[in-house]
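First up is the structure itself, then whatever we jot down about it.
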Amino acid sequence: MSTEQHTTEVIGIVGTGLMGRGIAQIAAQGGIEVILYDIRPGGAEEARAAVVSTFEMLASKGKLTSERAEAAAARLSVAVELTELKSCSIVVEAVVEKLEVKGELFRQLEAVVSEQCILATNTSSLSVTAIAAKCARPARVAGFHFFSPVPLMKVVEVIAGPLTQQVVVDRLIGIANRMGHTPVRASDTPGFIVNHAGRGYVTEALRLLGESIAPHAEIDRILRLGAGFRMGPFELLDLTGLDVSQPAMEAIYEQFYQEPRFRPSPIARQRLAAGLLGRKTQRGFYRYENGQKEETSTPAVPPREDFPVWLDAGQSRENPAVAELLKKLGASLDNGERPGDTSLCLVLPIGRDVTTCAAAADLDPTRTVGLDPLFLTGCRTLMTNPLTSNKYRDAAHALLASDSVPVAVIHDSAGFVSQRVIATIVNIGCDIAQQGIATPEDIDRSVTLGLGYPFGPLAMGDRLGAQLVLRILDEMHDFYGDPRYRPSPWLKRRALLDVSLLTPDN
Ligand SMILES: NC(=O)c1ccc[n+]([C@@H]2O[C@H](COP(=O)([O-])OP(=O)(O)OC[C@H]3O[C@@H](n4cnc5c(N)ncnc54)[C@H](O)[C@@H]3O)[C@@H](O)[C@H]2O)c1
């Protein structure tokens, strides 16, 4: 099989539901001839008409010239029988997510198409290798994994199994580029890149909820306003629906032989059993009315009551931004070596909880409050230990909110909310790199495009610094004793060498 032979591609799309239609649209817009086939009689014609009306709509909105819309529509044709896909140089299947159905379809297609024809699967959760194993020529089979809605999610994972020929991957990359999508290469592993990297965000948020650290709406607020995620993890779970997310979380966990980093949450399983699926049932973590999310109230800022604020000298030096902020907020600083009798003891934990910090420095726990020193702008997080008095908690809240920056007050957690969630995302991203599933650049590219995170996991780690992320994970691992927090060797080595997490192995 060679690349030169296929400058004129004809793409067959089998399964013309949500995904098949999207793939057909971008292929036809990219100048590729498309033949649609669906097992449901009339299904392919319906899909063709729907895609044509999308082109007309795009033309009416001025997003496509009418000539281009007409030319794209003319590239779509319909096959009534599978045998009519004979002329295809590539067939992409987007049928039901069942191994037997996809395997049988490829087996049948092999009897129809030429030896050079690529067979590509849009599966999200099945093994590309297992599908290829049903074929006489597994070398021509690859994954071509798009995201929904296909025309807007401009990334596609090109997945190679152990037997997939390199030329097949190269041709799919060329086709993806013609479709106006960004291709990323991945090896055939559970979740590929994006669904694998996406495990950290919601599983760690569910873990925080499971530890009663904060209500779901507060966790969402901290991650949206403080850490810059477009959507909170519980808003995301409600959007996707627990009927989709929970099986996906369980599948990845099992497929990686119960890897603790992906351990699902009993909270999500219970809520799924209760039918609290999310937006689609009007009730998930939030309630919805006519598609609108309920308003959730944020805790009121208490009246300001000033106590001298004592900050350990070492922590103050390590976090000059905190000392500056306190001055700006008009705090009266207690500069003593030890805190005065009434001083508020502010600690700045990295990967630790307040209890551990108070005990280590022999501070009065009733007057000790933690502030997350890494996220001070969009939303500040304060953390109490089990003995912190309400008076000192409220004083810290009022002081930190006095310039109108939102403040969240949470229960004790090794690594607050944002440190924990970000360190988890970075660690999983590092391990994807360590396993050689994709290049560091492709990991970050696919995650920003596929999940809409502000940065890819490796760049996110670089922004905090590899050494700081390693310190957060080491502390969390030490405190919880849970192997889910063990740092990836990729992260450890780059932190020790003090280089970017995007640095590949030589
Ligand atoms: N929906 C998503 O967000 C998403 C994202 C990425 C990948 N995927 C994958 O894409 C595939 C399709 O998903 P979808 O959401 O478009 O499903 P869908 O139900 O909207 O469409 C599936 C289509 O396949 C047809 N079909 C079923 N069996 C067939 C067969 N043997 N031969 C021909 N046609 C057949 C059905 O009639 C239907 O039109 C699945 O493998 C899914 O995992 C879906």
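Since the model is a prediction, treat every value here as computed from it, not as a measurement. Just so it is clear, the values below take in all heavy atoms, side chains as well, and ignore hydrogens, waters and symmetry mates. Whatever order the structure lists ligands and atoms in, that order sets their numbers, starting from 1.
Counting heavy atoms from C-beta on, the side chains of P183 and V155 never come closer than 4.5 Å.
Side chain of H181 to main chain of V156: no donor-acceptor pair is present (N/O by atom type, distance under 3.5 Å, no hydrogens or angles). A distance-only check finds a donor-acceptor pair linking the side chain of E84 to the backbone of E81 [under 3.5 Å].
Residue, atom and distance of the protein heavy atom nearest to atom 34 (N) of ligand 1 are I39 N, 3.2 Å. Scanning all protein heavy atoms for the shortest distance to atom 39 (O) of ligand 1 gives D38 OD2, 2.6 Å. Looking only at protein heavy atoms, the nearest one to atom 22 (C) of ligand 1 is A94 O, 3.6 Å. Nearest protein neighbour of atom 14 (P) of ligand 1, counting heavy atoms only, is M19 CG, 3.8 Å. Scanning the protein heavy atoms around atom 7 (C) of ligand 1, the nearest turns out to be S124 OG, 3.0 Å. Atom 28 (N) of ligand 1 has its closest protein heavy atom at V95 CB, 3.8 Å. Ranking the protein heavy atoms by distance from atom 31 (N) of ligand 1 puts V101 CG1, 3.6 Å first. Shortest contact from atom 20 (O) of ligand 1 to any protein heavy atom: L18 N, 3.0 Å.
Residue contacts with ligand 1 leave out F147, since none of its heavy atoms falls under 4.0 Å from the ligand. Residue contacts with ligand 1 leave out R21, since none of its heavy atoms falls under 4.0 Å from the ligand. The shell of residues lying under 4.0 angstrom from ligand 1, judged by heavy atoms, excludes E104.
Using a 4.0 Å cut-off to heavy atoms of K102, the atoms of ligand 1 that qualify are 40 (C), 41 (O). Of all atoms in ligand 1, listed by their number and element, those nearer than 4.0 Å to a heavy atom of F146 are 5 (C), 6 (C), 7 (C). Taking every heavy atom of G15 and a limit of under 4.0 angstrom, the matching atoms of ligand 1 come to 23 (C), 24 (O), 25 (C), 34 (N). Within ligand 1, the atoms closer than 4.0 Å to a non-hydrogen atom of H145 are 6 (C), 7 (C), numbered from 1 in the order shown.
Residue contacts with ligand 1: N122 is placed with a nitrogen or oxygen under 3.5 Å of a nitrogen or oxygen of the ligand (distance criterion only).
Annotation: ring pair (Phe, Tyr, Trp, His ring centres under 6.0 Å) contacts involving residues 14-72, sequence neighbours excluded, are absent. Pairs engaging residues 418-469 under the ring pair (Phe, Tyr, Trp, His ring centres under 6.0 Å) rule: Y201-Y453, F229-Y453 [sequence neighbours left out].
Environment of CD in Q166: crowded, with over 12 heavy atoms of neighbouring residues, nucleotides or ligands closer than 6.0 Å. Within a 6.0 Å radius of CZ in R68, no more than 12 heavy atoms belonging to other residues, nucleotides or ligands are found.
Ionic pairing of R185 and D170 is present here: one or more N-O contacts between side-chain nitrogen and carboxylate oxygen are shorter than 4.0 angstrom.
Side-chain contact check for S125 and E97: at least one donor-acceptor pair (N or O, by modelled atom type) lies under 3.5 Å. Side chain to side chain, T182 and R445 fail the donor-acceptor criterion of an N or O pair below 3.5 Å. Side-chain contact check for T123 and H145: no donor-acceptor pair (N or O, by modelled atom type) lies under 3.5 Å.
The nearest protein heavy atom to atom 24 (O) of ligand 1 is closer than 4.0 Å.
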